[in-house]
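In this text, all values refer to a predicted model and were calculated from it rather than measured experimentally. Just so you know, residue 1 is the first one in the sequence shown, and it goes up from there.
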Amino acid sequence: MKDILIITPPFTQLNTPYPASAYIKGFLNTKNISAFQMDLGIEVILEVFSKKGLTQIFSSITHHPSPNNQRIYSLKDDYIKTIDSVIAFLQGKNPSLARQICAGNFLPEAARFDQLDDMEFAFGSMGIQDKAKHFATLYLEDLSDFIVACVDENFGFSRYAERLGRSANSFDELYAHLLEEPTYIDTIALKILNKRIAEVAPKLICFSVPFPGNLYSAFRCARAIKANFPDLKIAMGGGFPNTELRDLKDVRVFEFFDFITLDDGELPLELLYDFIEHSPIISDAQFKRTFLLENNEVVYKNNTLRADYKQSEVGTPDYSDLWLDQYISVIEMANPMHSLWSDGRWNKLTMAHGCYWGKCTFCDISLDYIKLYEPIAAALIVDRMETLIEQTGENGFHFVDEAAPPALMREVALEIIKRKLVVSWWTNIRFEKSFTSDLCLLLKESGCIAVSGGLEVASDRLLALIKKGVTVEQVAQVTRNFTASGIMVHAYLMYGYPTQTVQETVDSLEMVRQLFELGVLQSGFWHQFAMTAHSPVGMFPEEFGVIPLQNQVTFANNDINFKDKTGINHDKFSFGLKKSLFNYMHGICFDYELQEWFDFTIPRTKIPKDYIYNCLQNEQSFTTKPNARILWLGGLPQVEISTKSKKGNQWKMMKLTFHKKTQSIDITLSEREGTWLLSVLERLTIGNEKWSFSDVKANFEKQDENFELFWYSKPMQMVKNVGLITL
C-alpha cells in the first residue's frame with residue numbers, strides 16, 4: 001500500500017522516462033509520504049510490440065487498404081517472429097543481433113525503408129550497433145504506420161490522440177471521444193492500470209500530463225478509475241495544465257478529475273494529500289493553485305499562506321519503480337546530435353528553475369515556470385548527480401533547463417572535474433557571448449557532449465524583435481566555439497514570426513545553409529511560429545502586427561490562431577525548409593540553389609555566400625580582465641634541462657613536454673621561466689586556490705617585469721592550446 005500513485009500516461013519517449021514523476025517522488029520522500037510511480041506509456045508499448053501483441057493485432061485485421069499495409073500484413077509471420085528479439089536488442093540486451101540485422105534479409109521491410117539513408121556515409125563500416133538501431137527503428141515505424149492505418153488512427157510512439165488535446169478551447173470534442181468505446185490501445189492501457197492500482201492500493205492518484213499527446217489517455221484512464229475505484233481521488237498536474245488549463249470553466253472535466261493543480265507541484269500536492277488524509281470540510285481546507293468543483297461550479301483555490309519550496313528543499317529525483325532497463329533506444333535518422341533525444345537513457349535534472357533571460361517575445365514568460373528564476377548551487381546539483389548515478393547505474397544526464405545559465409554551467413563543470421566524476425551531459429542554452437572558446441573547453445572536460453539552443457529566425461531584425469539578445473554573428477562564433485571543443489550543437493529554428501517577410505525567410509535559410517556547410521552546426525529543427533496566450537505576442541498582439549482569432553475558452557487555452565497583417569502564407573515554406581535541413585544535417589546538397597527546395601518561386605537570397613565565414617573571422621579580441629580566473633586542465637609536463645652556449649656565454653633552457661590524451665606538445669623556455677611556469681601550473685589546477693589573471697601577473701613580476709611579453713608569446717600560446725584557460 002502506498003499513499004500516492006503517480007502516473008505518466010501514454011505516450012512521451014521510448015528511450016527514457018519523462019522526469020516529472022521522479023521529481024515529485026523525490027520531493028514526497030522528504031515529507032515521508034510514500035509514493036509509487038509508473039510510466040504507463042512504456043508498459044503499453046512493450047505490450048503492443050511483442051509476439052503476443054502483434055499476433056492479436058494481425059488476427060484482428062479485416063482490411064488493409066494500401067499496398068504498403070498489404071505488404072506488412074503478408075509479412076506478419078516475419079514480424080511476429082522477430083519482434084521480441086528486436087525489442088530486446090533496442091533495450092541493450094541482445095547486442096549480437098546487430099550483425100544479423102545489418103547483414104540484411106532478417107527484418108521485414110516496408111515503406112519506411114524506401115527513404116533509407118546512405119548507410120556507409122552515415123555509419124561507416126564499423127558503426128554496426130547504431131546502423132542496426134536505425135534499421136530496427138524503421139522496422140518499428142513501419143509497424144506503427146500499420147497500426148495507425150488499420151487499428152488506431154490516434155497511435156504514435158511519442159503522443160496519443162494529440163489532436164484532441166492541442167488548444168481545444170472547448171471540451172466538447174474530447175468529451176465525445178471519451179464517451180465512445182475504448183480503442184485497442186486504451187484497452188491495453190486500462191488493463192495494466194487496473195492491475196497496478198489493485199497492487200499499490202493508493203489513497204490518491206496523480207496524473208502528470210506534460211503534453212497534448214498525453215491528455216486523452218489521462219482522461220480515459222481517469223474515467224476508468226472513477227468507474228472501478230469510485231472512492232479514489234484523482235488529481236492532474238504537469239506541463240499541459242500549467243500552460244493550457246489556466247482558464248478552465250467546464251464542470252464536465254470534474255467527472256474525471258477531482259483536482260487540477262498549476263505550476264510547481266510540490267506544495268499543491270502536499271496540501272492535497274493532507275486534505276485527503278485528514279478529510280476536513282473542503283471549504284475549510286488549504287489549497288495551492290488548485291482547481292476543484294464546489295457547489296457544482298469550477299473554483300480556483302489558492303488560499304494557503306505557505307510559500308513554494310526552494311529548489312534546494314525539493315529533494316533529489318527518485319527513479320525507483322520505473323522500468324529503467326526496459327526503455328527502447330531508437331535512432332530515427334543518421335545524425336549523432338539528433339539521436340540524443342531518442343537514443344540512450346538519460347537521468348534528467350535542472351540547474352535552475354525558470355529562465356535567467358526571460359525576455360523572448362514568443363515564449364510563455366508570464367508563467368511562473370519560466371518567470372521565477374532560481375538557480376541551484378553547483379555542489380547540490382553534483383550531489384544529486386552522484387545520487388542518481390548510484391540509484392540508476394547511469395551516468396548520462398540531460399539538464400532540461402529552459403536555458404542553462406553559463407556561469408552556473410561553469411561552476412557545475414568545475415565541481416564535476418574536482419570530484420573526478422565520469423559523466424556525459426547535455427543541456428539547452430542561449431547562444432550568448434559568455435560561451436568563449438575557453439569556457440567550452442572546460443565544459444567539454446567535465447563531460448558536456450552537446451548543447452541545443454534557439455537561433456530562431458536567422459535575421460538580426462527579427463532577433464531584435466524577438467528580444468533574443470543575440471545576433472547571427474554572435475551565434476556563429478558561439479557555435480564555432482562549441483564545435484571546436486568537441487561539443488555538438490543543435491539549433492532550434494523558426495519561420496513565420498509576425499512581420500517576417502518572404503525575403504527574410506529565404507535569407508534565414510541561407511544563413512542556416514552556411515552554418516552547416518562550415519560545420520559549426522550539426523543538427524537543427526524548423527518550427528513554425530505559434531502564438532501562445534501567455535507570451536508577449538499573445539498578450540499584446542497589436543504590438544506585433546497580428547490579429548488574434550479567439551474562441552470562447554472553457555477548457556484549454558494556449559495556442560491562438562491569428563492572422564499576420566503581412567498576409568503571407570508561411571505554411572507553404574514548411575516542406576522546403578525541412579527537406580533542405582534534412583540534407584544539410586547529412587552534410588550534402590550545400591551547392592543546391594535555394595530555389596530547388598521549393599515548388600513555388602522564391603526571391604534570390606540577399607546574404608553574401610561568405611557571410612558566416614566572415615563572421616567567424618571577425619571575432620573580437622578582448623584584453624584579459626584582471627579578475628578573470630586562470631585554470632590549468634592538464635597534468636604536469638615532463639622536464640628536460642639543457643645548456644646552450646653562444647660566444648662564450650652559457651645559459652640553461654627547459655624543455656617541457658605536455659602529454660594530452662591524443663597528442664604531445666613540446667615547448668622550450670628559459671630555465672627561470674620554465675621553473676616559474678611549473679610552480680604556477682600546480683597551483684592553477686581545479687580544487688586548488690583560485691588565481692585570477694592579476695594574481696598570476698603579480699606572481700610573475702616578482703622575478704620579471706615583462707609579463708605581457710611572456711604571457712602572449714608563442715610558447716605560452718601553445719600551453720593555452722593544451723589546457724591553460726581563462727574564464
Is there a side-chain contact (heavy atoms from CB on, under 4.5 Å) between Ile6 and Leu28? Walk through the geometry before answering.
CA-CA 11 Å; Ile6 311 166; Leu28 294 174; 4.1 Å; yes

Would you check if Ile328 and Leu46 make a side-chain contact, meaning some heavy-atom pair closer than 4.5 Å?
yes

Contact between Ile185 and Asn154 at the side-chain level, heavy atoms closer than 4.5 Å - yes or no?
no

Under 3.5 Å, is there a donor on one side chain and an acceptor on the other for Asp364 and Thr532?
yes

Side chains of Arg159 and Leu215: does their closest heavy-atom pair fall under 4.5 Å?
no

Salt bridge (Lys or Arg N to Asp or Glu O under 4.0 Å) contacts touching residues 17-36 (sequence neighbours left out):
Lys25-Asp321

Parallel, tilted or perpendicular: which fits the ring planes of Phe207 and Phe257, with parallel below 30° and perpendicular above 60°?
perpendicular

Any donor-acceptor N/O pair, Asn395 side chain to Val422 backbone, under 3.5 Å:
yes

How far apart are the closest heavy atoms of Gly344 and Thr16, and which atoms are they?
O-CB, 4.5 Å

Asn347 and Gln391, any side-chain heavy atoms less than 4.5 Å apart
no

Calculate, to the nearest 0.5 Å, the distance between atoms CZ and NE2 belonging to Phe525 and His527 respectively.
5.5 Å

Can you confirm if the aromatic rings of Phe27 and Tyr309 lie within a centre distance of less than 6.0 Å?
yes

Please list, chain by chain and in numerical order, all residues satisfying side-chain hydrogen bond (donor to acceptor under 3.5 Å, both in side chains) with His353, sequence neighbours excluded.
Asp264

Check each of Asp247, Ile560, Leu245, Asp250 against Val553 using the side-chain contact (heavy atoms from CB on, under 4.5 Å) test, and report the only one that passes.
Asp247

Any side-chain to backbone donor/acceptor pair from Asn303 onto Ala285? Under 3.5 Å, distance only.
yes

Of all heavy-atom pairs linking Asn15 and Ser329, the shortest is CB-CA, 4.2 Å

Aromatic rings Phe219 and Phe555: how do their planes relate, parallel, tilted or perpendicular, breaks at 30° and 60°?
perpendicular

Could you tell me the separation between the CD1 atom of Ile381 and the OG1 atom of Thr316, rounded to the nearest 0.5 Å?
11.0 Å

Quick check: does any side chain N or O of Glu313 sit under 3.5 Å from a backbone N or O of Lys310, one acting as donor and the other as acceptor?
yes

Is it true that Arg430 and Asn428 share a donor-acceptor pair across their side chains at a distance under 3.5 Å?
no

Please examine the side chains of Glu162 and Pro212, heavy atoms only from C-beta on, and report whether any two atoms are closer than 4.5 Å.
yes

With a 6.0 Å cut-off on ring centres, are Tyr18 and Phe211 close enough?
yes

Quick check with a 6.0 Å cut-off and a 45 degree axis cone: is Arg252 positioned over the face of Tyr175's six-membered ring?
yes

In Å and rounded to the nearest 0.5 Å, what is the CG to CG distance from Asp308 to Asp263?
8.0 Å

For residues Ile4 and Leu269, determine if any side-chain heavy atom of one lies less than 4.5 Å from a side-chain heavy atom of the other.
yes

Short side-chain to backbone donor-acceptor contact, Ser342 and Val330, under 3.5 Å
yes

Would a line drawn from the ring center of Phe146 to the ring center of Phe155 be shorter than 6.0 Å?
no

Assess the side chains of Glu297 and Asn295: does a donor N or O sit below 3.5 Å from an acceptor N or O?
no

Of all pairs that satisfy side chain to side chain donor-acceptor pair (under 3.5 Å), the ones with a partner from residues 200-218, not counting sequence neighbours
Asp3-Lys203, Asp186-Tyr216, Lys203-Glu277, Tyr216-Arg220

In short, Ser446 meets Val423 closest at the heavy-atom pair O-CG2, 3.6 Å

Heavy-atom side-chain proximity of Met531 to Pro548 below 4.5 angstrom:
yes

Looking at Asp258 and Ile234, would you say the former's side chain and the latter's main chain have a donor-acceptor pair under 3.5 Å?
yes

Side-chain contact, heavy-atom cut-off 4.5 Å: Cys355 with Ile365?
no

Report yes or no: does Asp343 contribute a side-chain atom to a donor-acceptor pair with the main-chain N or O of Ser339 at less than 3.5 Å?
no

Using 4.0 Å as the upper bound for N to carboxylate O, is an ion pair formed by Lys288 and Glu270?
no

Taking the six-membered ring for Trp, is the centroid-to-centroid distance between Trp426 and Trp341 below 6.0 Å?
yes

Could you walk me through whether Lys301 and Glu294 pass salt bridge (Lys or Arg N to Asp or Glu O under 4.0 Å), step by step?
CA-CA 10 Å; Lys301 293 216 168 186; Glu294 192 172 39; 3.3 Å; yes

Between Pro536 and Thr361, what is the shortest heavy-atom contact and its length?
CD-O, 3.2 Å

Let me see the working for Asp274 and Gln286 under side-chain contact (heavy atoms from CB on, under 4.5 Å), right down to the final yes or no.
CA-CA 9 Å; Asp274 287 345; Gln286 291 192 339; over 6 Å; no

One pair to check against side-chain contact (heavy atoms from CB on, under 4.5 Å): Thr290 and Asn302. What are the steps and the verdict?
CA-CA 7 Å; Thr290 300; Asn302 191 27; over 6 Å; no

In short, Pro268 meets Leu262 closest at the heavy-atom pair CG-O, 4.4 Å

Any pair with a residue in residues 37-52 that passes side chain to side chain donor-acceptor pair (under 3.5 Å), sequence neighbours left out, goes on the list, sorted by first then second residue, please.
Ser21-Gln37, Asp39-Tyr327, Glu43-Arg196, Glu47-Lys191

Ile260 and Leu248 have their tightest heavy-atom pair at CD1-CD2, 3.7 Å

Which value, rounded to the nearest 0.5 Å, describes the distance between His177 atom NE2 and Asp172 atom CG?
12.5 Å

Across all chains, not counting sequence neighbours, the salt bridge (charged side-chain N to carboxylate O under 4.0 Å, His left out) partners of Lys93 are none

Answer yes if the ring centres of Phe275 and Phe287 are under 6.0 angstrom apart, and no otherwise.
yes

Side-chain donor-acceptor contacts of residues 397-406 below 3.5 Å, not counting sequence neighbours, with atom names and distances?
residue	atom	partner	partner atom	Å
Asp401	OD1	Met351	N	2.9
Asp401	OD2	Met351	N	3.1
Asp401	OD2	Ala352	N	2.8

Residues Phe49, Leu140; criterion side-chain contact (heavy atoms from CB on, under 4.5 Å); working and verdict:
CA-CA 8 Å; Phe49 291 91; Leu140 289 181; 3.9 Å; yes

Here the gap from Asp152 atom CG to Ile57 atom CD1, rounded to the nearest 0.5 Å, amounts to 9.5 Å

Could you measure the distance from the CD atom of Glu199 to the CG atom of Leu5? Nearest 0.5 Å is fine.
10.5 Å

